[in-house]
Amino acid sequence: MMDADLLILHAGQLLTIASAGEPKRGPAMSELGLVEDGAVAIQGERIVAVGPSEPIQRQYRAATVLEAQGQVVLPGFVDPHTHVLFAGDRAGEFELRLRGASYMEIMEAGGGIQSTVNATRSTPHEQLLEQSRARLDHMLAHGTTTAEVKTGYALNKAGELRLLRGILELDQRHPMDLVPTFLGAHAVPKELRDHTEDYVQQVVEEMLPAVAALWAEETASRPRPAPLFCDVFCEKGAFDLAQSRRILERARHLGLALKIHVDEFEALGGTSLAVEMGAISADHLVSTPEEELLALAQSSTVAVALPGTPFGLGQRHYTPARRLIDAGGVLAVASDLNPGTCYCESMPFIIALACRSMRLSPAEAIVAATLNAAHALGLGRHVGSLEVGKQADLLLLQVADYRHLAYRFGTNPVETVVKRGKLLE
Ligand code: NIG
Ligand code: FE
């Protein structure tokens, strides 16, 4: 008999999503590595055995045994695109949009991202973290065990650094693992309205070096498995292709990994730029031209679809994810949680929506929200599947059939969350 700390036995359907370190593409996205009557043995923060219950039960004894009683057990969700660190809300703008105003019109009139920037800048640090922590609690309760979090609601050097530090502080305080992204180029701040080039200059010359220095200091004392990312909102009314390239080139030079918001509304060539620059992910991809989508599918850049955003905006066009999968691309899904376009803390809802809006099968949507999402954060070897050696981040659902994750919506199917081997109550 071997000792484990935690044993989970008799899952009706255990979804391992095993992949030996690679993301899943094409038909492999339908393979969940489903084990009937499955079990997981955990020691410390890691998985030491996974497979059918019978042999695991014979080989391991543990202080804590969790009877899954026929429930679904699967890896915790990885949400690879969020703007969860913000103050205030934009419920008023939501109502304006219902009456016909567009997202970009509101932004051009000084609302949108700028209004959250105003609220975030003027909120004391502790209060800002507390508001955001409450949202992290909702995410975790809905099964998100790892999330990316972007800066981007301060838009000046001191403020962006404060947000980056805030993400690192929240990561320390909260059971969820948080992966920070510097998104200084989220919008042009009102002080520099019509002086986008000056702001780009600030991002490149002042903010990025300071961000890289903060990260070097942080990781010297506490090494982290994921890189620091730099992201840009490449869009008409935000940053054009040349400006996006300048920012990302500097970021890459300073050792940051890359992400880009591309083709959310209009196509500017950002998807090709992401592929050319070896970005880890290209996100949104709603209006991406066919040619660029196919080039993306053939690359190792992960395509991150955010179906909650067109849904949140009441739009009818979604990422052509079916086309991307069929062309062999790596697809992940994320919430895009933010106060403007998508105030959604639930990955199960994103999965349900992905199946309906983008014609994914439930299995494809689950792979997109776990393993492939982990690859969108450079964490494919650490989380996203239930394999020996990986971090023990997993969920027990209230249901016996994994398809209920997509089939039902609006209630939370997650019953139990295990994070780094700890049972969370
Ligand atoms: O991904 N498009 C840019 N960023 C967010 C929206 C942020 C906001 O409106 O506050 C997005 O949709
Ligand atoms: Fe976003």
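Each ligand, and each atom within it, is numbered from 1 in the order the structure gives. In what follows, every heavy atom counts, from backbone to side chain, and hydrogens, waters and symmetry copies are set aside. Quick note: residue numbers are just sequence positions, from 1.
Between P75 and V383 the shortest side-chain heavy-atom distance does not fall below 4.5 Å.
Between F265 and Y103, the angle of the ring planes stays under 30°, which puts this pair in the parallel group of the 30/60° scheme. Ring orientation note: the planes of H81 and H83 are tilted relative to one another, at an angle of 30° to 60°.
For the pair R246 and E249, the salt-bridge criterion is not met [side-chain N within less than 4.0 Å of a carboxylate O]. Between R222 and E218 there is a salt bridge, since a side-chain N of the basic residue sits under 4.0 Å from a carboxylate O of the acidic one. A salt bridge does not link R323 to E291: none of the charged nitrogens lies less than 4.0 Å from a carboxylate oxygen. At a threshold of 4.0 Å, the pair E276-R252 does not count as salt-bridged, since none of the basic side-chain nitrogens sits closer than that to a carboxylate oxygen. K150 has a carboxylate O that lies under 4.0 Å from a charged side-chain N of D231, or vice versa, which qualifies the two as a salt bridge.
Atom OD1 is the N/O/S atom of D336 found closest to the Fe ion (ligand 2).
Nearest to atom 11 (C) of ligand 1 among the protein's heavy atoms is D336 OD2, 3.1 Å. In this structure, atom 7 (C) of ligand 1 lies nearest to the protein heavy atom Y153 OH, 3.3 Å. At the top of the distance list for atom 2 (N) of ligand 1, counting protein heavy atoms only, stands E264 OE1, 2.7 Å. Of the protein's non-hydrogen atoms, the one nearest atom 5 (C) of ligand 1 is H83 NE2, 3.6 Å.
Look at R90 and you'll find a heavy atom under 4.0 Å from some atom of ligand 1. Put simply, no part of T116 is less than 4.0 Å from ligand 1, judged by heavy atoms. In this structure, Y103 counts as a contact residue of ligand 1, since one of its heavy atoms falls inside 4.0 Å of the ligand.
In the model, T309 has a side-chain atom that pairs as donor or acceptor with a side-chain atom of D336 under 3.5 Å.
Against a heavy-atom cut-off of under 4.0 Å, H186 is close to the following atoms of ligand 1: 3 (C), 4 (N), 5 (C), 7 (C). Residue-ligand proximity, I113 to ligand 1, at heavy-atom distances under 4.0 Å covers atoms 7 (C), 8 (C), 9 (O), 10 (O). For ligand 1 and T341, the ligand atoms under 4.0 Å from any heavy atom of the residue are 6 (C), 11 (C), 12 (O).
The Fe ion (ligand 2) lies at the vertex of an angle of 100° between the NE2 atom of H261 and the NE2 atom of H83 (rounded to 10°).
Between L228 and the choices T181, L214, V211, V179, the side-chain contact (heavy atoms from CB on, under 4.5 Å) rule is met once, by V211.
At under 3.5 Å, a nitrogen or oxygen of H284, whether backbone or side chain, sits near a nitrogen or oxygen of ligand 1.
Neither the backbone nor the side chain of E235 has a heavy atom within less than 4.0 Å of ligand 1.
Counting backbone and side-chain atoms alike, H284 contributes no N/O/S atom closer than 2.8 Å to the Fe ion (ligand 2).
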